[in-house]
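Report on one structure; see the data block that follows.
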Amino acid sequence: MRPRLSSVLRHRVGAVSVTFLVLVAVLAVIGPWLAPYDPLQQNQDALLQGPSPDHLLGTDNLGRDELSRLLAGSRLSLLAALEAGVVGLVLGTVPGLLSVYLGRVFEWATLRVMDAFVTLPFLVFAVAMTALLGNGLTQAMLAVGILVSPAFYRVTRAAAFPVAGSQYVEAARLTGAPAWFVLARHVWPKVLPAVAVTTAATLGSSLVIVSSLTFLGIGIRPPEPTWGGMLATSLEYLFQRPTAPLAPALLVILTVGACNGLADTLRDVSGVRAPSLRKEKARAAA
Amino acid sequence: MSDLVEVRDLAVSLGRGRARREILQGVDLTVRPGEIVGLIGETGSGKTTLARSLLGLNRIDRGTVSVTGTEVGSLRGEALRAFRRAGSVQYIFQDPLQSLDPDLPLGRSVGEALEVRGASGIANRVAGALERVGLDSALAARLPSEVSGGQRQRAAIARAMITEPRLLLCDEPVSALDASSRTAVLELLLRLRDDEGVGLLFISHDLGSVAGVTDRIAVLHHGRIVEAGATAQVIGEPSHPYTRLLVGSAPTLDDAGLDRTVRAALRAQLA
């Protein structure tokens, strides 16, 4: 069954998740205009200040306004997670669809490539990619996107396999329709619910990876603000400002929770299951 | 007039490696324009494999398969797609619930072949095709699950007829239907033959369901045509033990039927 927004919103978890994600997305878009200060502007007279009417979330070790940095960081963090999701979606879904249609050699080759991706550890691969292509968030997220693509590949292939062998697909092929027509008309709509669930789940896990990488300083150049980078800075001054890590940490946790909540709801309303990356890795290791 | 189907010495194998086995061996078959030929045999005898070979869905090992004047066995890639797009041969599947996309309205499925050709006025032609098979054109907006089994199979026939084919391959088209729908669909196929001169290859495991509609019958057993001829001759004077067993097993053809010992003797001959 194809998931509809109305059926997602009827679920309490789905409604809360969608509302939160829309709110975060809106903040990411209009955040720079809402920000009370320039997120890069330093103020030596207001270092490590707590929340106050002038700085609602306080300031960091360089006197920069935490709220302004959080709003500016939302855009970078979300765009990075989105990039990883889109790269994974394209690299996984397209060969997943084609593998059921182009024959055994293509299927065998893509399966082996995906198995190889599953065995690679995210952080090490991302570090290697940024070392190779340059230390940027785009490069790091390209690496993450490559490594999440097996989830999309397997989900797409599993959903497309029974459809590709169905009689209505054979009937369509007997009209002389080209492969793209048959895939777009008959196969893709059946695969879409499973891909939607995987996309929501992957966006959440990508955000965790983005935050982990930027926490470690990979893929981002200071002083650009990101949620992970803010978390790392605030932890260095934990004794001076114990509440400073709360805002970026909560945003990461709640956004990831909302992505997972949306994935669960999509799964419930469409009757498909999201793949487990842990199971994928265990399967590849076996 | 040339034959619509001319199969000579056809051999087809399916499967890979050790699982590969020969499904059809030395099959000869012809279908002429406006003729209904019944292809009879039990499950696994190779009936569907033969029909699929006529559409280039199976690679052939040996022999020739000529359909509406085209040597189908040698077609590959774009040439095969062009042959199918021409629409001179159409296939009607056994179960319309499986052969019609469950998420597409009937009209979209019926008009699909025209869409692939880039034809214009598809909606009107779909409505016309549905009416030609005795369906209300308003059913075009319904999903397959929202109509009866008989209506689904009529829609599948409309899909096949929309390209104005010269040959219909009907793979057990009535076996998934109830008795009244079965009669209606058989009458519809006969009418299409009479009105439009379409040739039909009518595949069935049930001799009773084809005896009333076919001009000729070919009996397929273990991948070989064991008997072929005019329907009345094959049913009235079956020469092969397998045909005699089929005729004897069809109560509508032989009210008395064969008694158990005769059937056992025939089965022993076939073993």
Side-chain angles (χ1 to χ4, degrees), chain A residues 1-8 93 97-109 111 155-156 158-197 266 269-272, chain B residues 16-17 48 51-52 54-58 67 72 75 77-104 106 108-119 143-144 152 155-157 159-160 162-163 165 168-169 171-172 176:
Chain A
M1 197 174 92
R2 203 179 297 187
R4 293 179 188 281
L5 182 62
S6 56
S7 48
V8 171
T93 306
L97 270 180
L98 294 178
S99 70
V100 297
Y101 212 84
L102 290 186
R104 290 156 61 97
V105 174
F106 184 83
E107 184 188 20
W108 183 89
L111 266 172
V155 160
T156 305
F161 203 74
V163 181
S166 66
Q167 281 189 1
Y168 56 84
V169 164
E170 188 159 88
R173 288 174 62 198
L174 289 176
T175 63
W180 66 263
F181 179 94
V182 178
L183 288 173
R185 164 69 70 87
H186 298 287
V187 183
W188 176 244
K190 312 291 187 294
V191 170
L192 192 56
V195 171
V197 174
L266 284 171
V269 300
S270 59
V272 295
Chain B
R16 290 173 188 276
T48 300
R52 289 169 62 87
L54 300 181
L55 288 160
L57 285 168
N58 294 325
V67 179
V72 177
L75 295 179
E78 184 51 38
L80 185 57
R81 278 196 292 277
F83 167 72
R84 290 170 179 167
R85 252 193 320 272
S88 56
V89 187
Q90 291 290 352
Y91 197 93
I92 298 172
F93 292 86
Q94 178 177 357
D95 185 358
L97 199 55
Q98 289 182 35
S99 68
L100 295 166
D101 190 326
D103 297 331
L104 282 187
L106 290 173
R108 296 282 302 277
S109 292
V110 170
E112 190 165 49
L114 299 180
E115 215 175 313
V116 170
R117 291 172 166 192
L143 291 174
R152 272 195 293 270
I157 294 171
R159 172 175 64 181
I162 203 161
T163 60
L168 278 182
L169 305 174
D171 191 355
E172 311 239 16

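Letters go in sequence order (proteins before strands), and every chain restarts at 1.
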Non-hydrogen atoms of chain A under 4.5 Å away: do they reach the side chain of B:L57, the backbone, both or neither? side chain

Might you point out which heavy atoms bring B:R159 and A:A171 nearest each other, and give the distance in Å? NH1-CB, 3.6 Å

Under 4.5 Å between any side-chain heavy atoms of A:E170 and B:F93, yes or no? yes

If you look at every heavy atom in B:R84 and A:L174, which pair is closest and at what distance? CB-O, 3.4 Å

Please identify, among B:S109, B:A82, B:P102, the residue contributing the most non-hydrogen atom pairs under 4.5 Å to chain A. B:P102

With a 4.5 angstrom heavy-atom cut-off, is it the side chain or the backbone of B:R108 that approaches chain A, or both, or neither? both

Which atom of A:K190 lies closest to which atom of B:D101, heavy atoms considered: NZ-OD1, 2.9 Å

Can you tell me how far OH of B:Y91 sits from CD of A:Q167, rounded to the nearest 0.5 angstrom? 7.5 Å

Inspect the surroundings of CZ in A:F181 and state if more than 12 heavy atoms from other residues, nucleotides or ligands are less than 6.0 Å away. yes

Using a cut-off of under 4.5 Å for heavy-atom pairs, which of B:E78, B:R85, B:Q94 has the most such pairs with chain A? B:R85

Does any part of the side chain of A:R185, heavy atoms only, come nearer than 4.5 Å to the side chain of B:L104, both counted from C-beta? yes

Over all atoms of both residues, closest heavy-atom pair of A:P178 and B:R81: CA-CD, 4.1 Å

